[in-house]
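Some notes on the structure that comes next.
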Amino acid sequence: MSRVFEDRAYEADSLNGCFWAEDFPGPDFSYPALQAEQSCEVAVIGAGYTGLSAALHLAEGGANVAVLDMHAPGWGASGRNGGFCCLGGAMAGDRSLRRRFGPDGLAEWDRAQSDAIDLVASLIRRHGITADIHSNGETQLAHSARSYQRLERKAERLAKTGQPVEFIATSELAAKGMQASGLLGGLTEPRGFALHPRKYVLGLAGAALSAGARVFSKAPVRRITAEGAGFRLHSTDGSITCKRLVVATNGYSRDDVPQWLRARFMPVQSNILVTRKLTDQDLAAQGWTTGQMVYDTRKLLHYFRLLPDGRMMFGMRGGIWATKAHDRKMHAMIRRDFEKMFPAWADVETPWFWTGLVCLTGKWVPYVGPVDGMDGAFAGFGWHGNGIAMGTYAGRMLARLALGQGVDIPRAMRGRPLRMPLGKHRRMLLPPIYKGLAVRDWLA
Ligand SMILES: Cc1cc2nc3c(=O)[nH]c(=O)nc-3n(C[C@H](O)[C@H](O)[C@H](O)COP(=O)(O)OP(=O)(O)OC[C@H]3O[C@@H](n4cnc5c(N)ncnc54)[C@H](O)[C@@H]3O)c2cc1C
């Protein structure tokens, strides 16, 4: 067994219950399966934001590129996330990043996060992708008095450096249409926007195809062997040779594709439910009318936004088992939190619920760079639950690496992810960490 989670998490129907997939099934053609023996210059494993952005930029750079996905483009986290295209990508906080990479390293990381958002916006514009964009940056609301004070201090600090953040006092929430039980005021960071994650990822797939990339579905790569100066990727019904390789499998990675990845990543779940369309009366009853994307100050945070068609999307981090019983438990927990935060909607149906895998690393920062021991192979992963912008950005860096072009990888993303203890059982490290985070949230 070369995967961390139960098989169910990797099966095609783990996407069942996902609102985005029902709302936008996608183009009415299917991507071909990989059959017989094929060849390309650069192969990309994984057709999410990272792999498709890499493929698009590779094809635009003149490479003969083929993308292989074990299911289909957008099947992974990229087609089932919350749609917050925002700052982020690391779990490490600013203080830790400054200590480890210096003030310049921190500034570089901050710039990369902004540039990543800008890259998504420019790809959407350039390729005419309809992605249902809304929200002016994102707002973080405090879940406790202490967190509220911390956000107030942060707003003052950022304002002094000239950043255009807005502090929202608790007394202003009603006027902003942001009334949720247990949440106080907070901070709006104007960088970022919300999008329809599946429309964006399938738009990227379309752009990559138009640029000349080949995209294969039902093409799980089970093994990589050396072939001349390059590699052969072995799949179920065929194989493909390539001179260079990009691995873009993030939370759905296997420990043995390639072997170098073994225990260098930690998949964890995130969970989402979506309501029926809310009426104007529903919205008024709760006092939540904003189209702003919002998350709270918890470590095991909630993230939510009113979708443009009037449904509420409500997400929650946490979950490390993919059994049916655990899914039921997470479903009950997220529904309980939803009702607590939005009591006026306690009777509102939430017909959609699903989970997906995000990816952590042992250093709490993402990685983009070479795969050691495999000359010409590169990998990018570990977006810590924030991969819309950072995965897209990393895809472009990976393309440049594979094209042999110069690329400035922020130093925070350059260090090899550590191998975690306990190998394939490394999930066992998580329960105490999650318990610790829950206690911190409670004390904060
Ligand atoms: C519920 C949820 C909510 C989230 N909310 C947000 C959010 O609001 N904002 C945000 O920025 N991020 C969010 N994320 C995280 C974000 O979705 C991911 O960071 C991002 O999509 C990762 O993109 P990726 O291309 O690197 O990986 P993925 O999109 O996961 O794609 C990896 C692909 O690799 C394929 N694959 C794996 N192994 C193989 C193999 N051996 N052979 C062939 N194919 C293979 C898989 O089929 C998959 O399609 C969320 C994630 C989840 C699950």
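Atoms within a ligand are numbered from 1 in the order they appear, just like the ligands themselves. For the single chain, residues carry numbers from 1 onward in sequence order. Every value quoted in this text rests on a predicted model; they were computed, and no experiment measured them.
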Open item on the list: If you measure every N or O of R3 against every N or O of ligand 1, does any of those distances drop under 3.5 Å?
Closed with: no
Open item on the list: For F381, which part has a heavy atom under 4.0 Å from ligand 1: side chain, backbone, both, or neither?
Closed with: neither
TODO: Give yes or no for whether the N/O distance cutoff of 3.5 Å, strictly under, is met between A72 and ligand 1.
DONE: no
TODO: Mark up the atoms of ligand 1 that fall under 4.0 Å of a heavy atom belonging to Y252, in ascending order.
DONE: 30 (O), 37 (C), 38 (N)
Task: Among L233, T241, N64, side-chain contact (heavy atoms from CB on, under 4.5 Å) partner for C40 - done: N64
Task: Sub-6.0 Å ring centroid separation between W75 and Y252 - done: yes
- [ ] Please identify which atoms of ligand 1 are closer than 4.0 Å to at least one heavy atom of N250.
- [x] 19 (O), 22 (C), 26 (O), 27 (O)
- [ ] Would you check if there is a donor-acceptor pair between the side chains of R80 and S14 at a distance under 3.5 Å?
- [x] yes
Task: Side-chain donor-acceptor contact under 3.5 Å, R335 with T350 - done: yes
Task: Sub-4.0 Å atoms of ligand 1 with respect to non-hydrogen atoms of P220 - done: 42 (N), 43 (C)
- [ ] Among Y295, F338, Y303, W288, find the one that has a ring pair (Phe, Tyr, Trp, His ring centres under 6.0 Å) with F314.
- [x] F338
Open item on the list: Only heavy atoms of R80, strictly under 4.0 Å: list the atoms of ligand 1 that pass.
Closed with: 1 (C), 2 (C)
TODO: Run the numbers for me: atoms of ligand 1, each under 4.0 Å from some heavy atom of L68, listed by number.
DONE: 43 (C), 44 (N)
Open item on the list: Could you tell me if R244 sits above the aromatic ring of F378, with its cationic atom closer than 6.0 Å to the ring centre and no more than 45 degrees from the axis?
Closed with: no
Task: G315 touching ligand 1 at heavy-atom level, < 4.0 angstrom - done: no
Task: Salt-bridge criterion met for D255 and K424 (N-O under 4.0 Å) - done: no
TODO: Measure from atom 2 (C) of ligand 1 to every heavy atom in S253, S270, P197 and give the option owning the shortest one.
DONE: S270
- [ ] Would you mind checking which non-hydrogen protein atom is closest to atom 3 (C) of ligand 1, with the distance to 0.1 Å?
- [x] Y303 OH, 3.2 Å
Open item on the list: Less than 6.0 angstrom separating the ring centers of Y367 and F265, yes or no?
Closed with: no
Open item on the list: Checking a contact table here: which protein heavy atom is nearest atom 49 (O) of ligand 1, and how many Å away?
Closed with: D69 OD2, 2.6 Å
Task: Mode of I388 contact toward ligand 1 - side chain, backbone, both, neither (heavy atoms, under 4.0 Å) - done: both
Task: Stacked cation flag R411 on W109, 6.0 angstrom / 45 deg - done: no
Open item on the list: Regarding ligand 1, does G76 bring an N or O atom to under 3.5 Å of one of the ligand's N or O atoms?
Closed with: yes
Task: Closest protein heavy atom to atom 30 (O) of ligand 1, given as residue, atom name and distance to 0.1 Å - done: A77 N, 3.1 Å
- [ ] For atom 44 (N) of ligand 1, find the nearest protein heavy atom and state the residue, atom name and distance (0.1 Å precision).
- [x] M70 N, 2.9 Å
Task: Protein contact to atom 42 (N) of ligand 1 [nearest heavy atom, distance to 0.1 Å] - done: V221 N, 2.8 Å
Task: Validation row: N271, F353 side chains within 4.5 angstrom (heavy atoms) - done: yes
Task: Ligand-side contact atoms (ligand 1) for residue partner R254, heavy atom cut-off under 4.0 Å - done: 41 (N)
Open item on the list: I'd like the name of whichever of A219, P73, S78 reaches closest to atom 23 (O) of ligand 1 through any heavy atom.
Closed with: S78
Open item on the list: Quick one about R222 and T236 (side-chain donor to acceptor, distance below 3.5 Å, no hydrogens or angles considered), yes or no?
Closed with: yes
- [ ] Assess the side chains of R214 and Q38: does a donor N or O sit below 3.5 Å from an acceptor N or O?
- [x] yes
Task: G387 N/O under 3.5 Å from ligand 1 N/O - done: yes
Open item on the list: Taking 4.0 angstrom as the limit and counting only heavy atoms of G385, give me the atoms of ligand 1 inside it, by number and element.
Closed with: 6 (C), 10 (C), 12 (N), 13 (C), 14 (N), 15 (C)
Open item on the list: Just to confirm my output: which protein heavy-atom neighbour is closest to atom 5 (N) of ligand 1, and how far is it?
Closed with: G82 N, 3.0 Å
- [ ] Compare T50, L15, L52 and give the one whose heavy atom is closest to atom 25 (O) of ligand 1.
- [x] T50
Open item on the list: Check this for me: does any side-chain nitrogen of one of E6 and K324 sit under 4.0 Å from a carboxylate oxygen of the other?
Closed with: no
Task: The one among N81, V201, N271 that brings a heavy atom closest to atom 6 (C) of ligand 1 - done: N81
TODO: Would you verify whether the NZ or CZ of R3 falls within 45 degrees of the ring axis of Y10 while also being under 6.0 Å from that six-membered ring's centre?
DONE: yes
Open item on the list: Does atom CG (D375) have a neighbourhood of more than 12 heavy atoms from anything else shown, all under 6.0 Å?
Closed with: no
Task: Taking every non-hydrogen atom, the tightest pair across L300 and D441 - done: N-OD2, 3.0 Å
- [ ] Identify, by atom number and element, the atoms of ligand 1 in contact range of G46, meaning under 4.0 Å from any of its heavy atoms.
- [x] 33 (C), 34 (O), 35 (C)
- [ ] Compute the shortest N/O to N/O distance between W383 and ligand 1 and return yes if it is under 3.5 Å, no if not.
- [x] yes
- [ ] May I ask you to identify the nearest protein heavy atom to atom 52 (C) of ligand 1, giving residue, atom name and distance to one decimal place in Å?
- [x] V358 CG1, 3.7 Å
Open item on the list: Looking only at protein heavy atoms, which one is nearest to atom 39 (C) of ligand 1, and what is the separation?
Closed with: T249 CG2, 3.6 Å
